[in-house]
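In listed order, ligands and their atoms are each counted from 1. We number each residue from 1, following the sequence as shown.
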Amino acid sequence: MNQEIKKIGIMTAGGDCPGLNPVIRSVVRTAIMKYGLEVVGFNHGYKGLYHNDVVPLTLDSISGILPIGGTMLYSSNKDNLFDYTVEENGKMVKKDVSDVGVENMKKNGIDAMIIIGGDGTLTSGRDFSRKGVKVVGVPKTIDNDLGCTDYTFGFDTAVSVACEAADRLHSTALSHSRIMVLEVMGRYAGWIALNAGISGGADAILIPEIPYDINKVADVLKERAERGKNFSVVVVAEGAKPVDGDVFVSKTIDDSPDPIRLGGIGNVIADQLEKLVGLESRATILGHIQRGGSPTSHDRILSTRYGAAAVDLLMQGKHGVMVTLEGDKMSYASLEDVIGQNKAVDPEGELVQVAKGIGITFGD
Ligand code: F6P
C-alpha cells in the first residue's frame, strides 16, 4: 500500500453525464472504508481548482447520491487552467494559471487527484501529471469516444434513453404513416446512434463514420413503403455527414476549448426524406435528455468499478493513468496514450455488419 497518499482530491469536469455521482460515491467509500484516507472535492471542475472552491467529502455528504443524475460537485466545460481567461490591466487575456491549481492542491494537503472527465478534461489531467501531480483519470462521456477503454460510463444510459425515444417514435410513425427522424448526440462518433438504432429497431442509421447518400436512404424507405410499411424510423447521429458535405454546426461557443456544437442535421434529413420518399416526415432532436437523469444499473456498476479502481491504482503507486475497461476486466492506460484519440465506430465492424444484415441502411 502506498503510504505517501493520505488525502485525495476529486473533480468532475466537461459535459456532465449519468454516473458521475456513483463514481464520486465509490471513490469516497473506497478511500475511506478500504484505505482510511481523507477525501475532498473541488466544485465546478478546474474553475473550482483555480478558486480553491473545495468541500470535504465524507460518508455522510455522499449518502444518497447513487441514483441521482448530474454531479454533486458541479461541472464546467470551459475552464482550461493551461489557457485560462483572466483580467489583467482591465483587459481579458488568456494565461497559463496551472500553478495556481497546483498551489491549491498543496494548500489543501492533497497528495493525489482523481479527475473524472472526457478528452478535454483529461488533457488537462495529463498536463497536471506532467507537472508532477499524481493524477488518475476516470473516463466519462455519453459519446463512448475515448480511446484505450471499451466503454465509458454514461454511454449505456444515453443509449437506453435514445432507444426508448425510438420505441415511442415507432408507434406514432405507424399511426400517421410518417417518417420519424431521431437525432442523437455523440459528437464525431456514431456509438449512440448505432446502438440506439439497433436496439430501437431503426430502418436507417446515419453515423459520422459512414458518410451517407440521402438518395440511398430514401430508396430503402420507398421499398419499405412498397412492402406495405409506409412508416419508418431513422436514427441520425448529430455528427453524421453526407458524402458530399460536412457536419451540421448548430452554434460555436467562443470561450470553450471545444467551440463547435453540433446539432440540427435531423431537421435537414426529415425535409429531404419527405420530398424524396413522399411520406410526411418529422424530426426529434433528443439533445440533453440523453445526459440528464438517473444512470442505468449498468452505468451504476461500471461507475462504481471505475471509482474503486481509481483509488486502488493510486494506492498501488500508479498515476499518470486512466482507469479502463478491457473486455470485462478493469485495467489502466497512460494518459499520454489516451488523449487525442477519437474512438470511432468501425464501418467494417461486427455491429455495423449485423445491422446491415438485418436490413438497416447506413446510406452507403
Ligand atoms: O460530449 C458530450 C456531449 O453531450 C456531446 O454528445 C454533445 O455534442 C456535446 O456534449 C454537447 O455539449 P453542450 O452540453 O456544451 O451543449
Side-chain angles (χ1 to χ4, degrees), residues 12-20 23 44-47 69-71 73-80 115-125 137-147 149 151-163 165-166 182-197 205-209 235-241 246-268 283-296 299 302-303 322 338-345:
T12 54
D16 71 346
C17 95
L20 287 165
V23 177
H44 303 286
Y46 290 108
K47 186 165 143 192
T71 160
L73 290 174
Y74 312 100
S75 196
S76 158
N77 57 3
K78 290 186 181 164
D79 304 291
N80 172 6
I115 298 180
I116 310 167
D119 196 63
T121 300
L122 295 178
T123 302
S124 291
V138 180
K140 164 242 71 163
T141 170
I142 60 164
D143 305 334
N144 199 37
D145 61 351
L146 268 177
T149 191
Y151 288 100
T152 54
F153 72 85
F155 172 65
D156 184 69
T157 308
V159 170
S160 302
V161 170
C163 170
L182 173 65
E183 180 186 306
V184 298
M185 282 184 162
R187 288 208 303 173
Y188 302 100
W191 295 106
I192 299 177
L194 177 61
N195 284 270
I205 301 174
L206 308 181
I207 58 175
E209 294 85 347
V235 175
V236 55
E238 62 179 356
K241 53 184 177 205
D246 211 341
V247 291
F248 198 91
V249 176
S250 72
K251 63 186 328 194
T252 51
I253 300 179
D254 290 337
D255 57 345
S256 168
D258 184 11
I260 290 178
R261 292 294 178 278
L262 302 171
I265 184 76
N267 290 318
V268 176
T284 299
I285 299 177
L286 204 50
H288 291 80
I289 288 174
Q290 293 156 98
R291 277 207 345 223
S294 193
T296 57
D299 270 338
L302 184 58
S303 300
M322 180 185 85
V338 169
I339 305 309
Q341 290 190 29
N342 181 34
K343 187 180 70 188
V345 171

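- Looking only at heavy atoms of the protein, atom 10 (O) of ligand 1 is closest to Arg291 NH1, 3.1 Å.
- Annotation for ligand 1: atoms under 4.0 Å from non-hydrogen atoms of Glu238 are 5 (C), 6 (O), 7 (C), 8 (O).
- Of the possible polar contacts, none joining the Thr12 side chain to the Ile115 backbone as a donor-acceptor pair under 3.5 Å is found.
- The atoms of ligand 1 that sit less than 4.0 Å from any heavy atom of Arg261 are 12 (O), 13 (P), 15 (O), 16 (O).
- In this structure a side-chain-to-backbone donor-acceptor pair under 3.5 Å is present from Ser75 to Gly14.
- The residue among Thr141, Ile260, Asp143 with a heavy atom at the shortest distance from atom 1 (O) of ligand 1 is Asp143.
- Each of the following atoms of ligand 1 lies closer than 4.0 Å to a heavy atom of Asn77: 15 (O).
- Residue Gly186 has at least one N or O atom closer than 3.5 Å to an N or O atom of ligand 1.
- With Arg187 as the fixed residue, the side-chain hydrogen bond (donor to acceptor under 3.5 Å, both in side chains) test singles out one of Asp119, Asp258, Asn342: Asp258.
- In this structure, OG1 on Thr141 lies 10.5 Å from CG on Asp16, to the nearest 0.5 angstrom.
- Counting heavy atoms closer than 4.0 Å to ligand 1, residue Leu262 contributes nothing at all.
- With hydrogens and angles ignored, the 3.5 Å screen pairs no side-chain donor or acceptor of Arg261 with any backbone N or O of Ser250.
- In this structure, His288 is part of the shell of residues with a heavy atom less than 4.0 angstrom from ligand 1.
- Panel note: side chain Thr152, backbone Lys140; no donor-acceptor pair is recorded below 3.5 Å.
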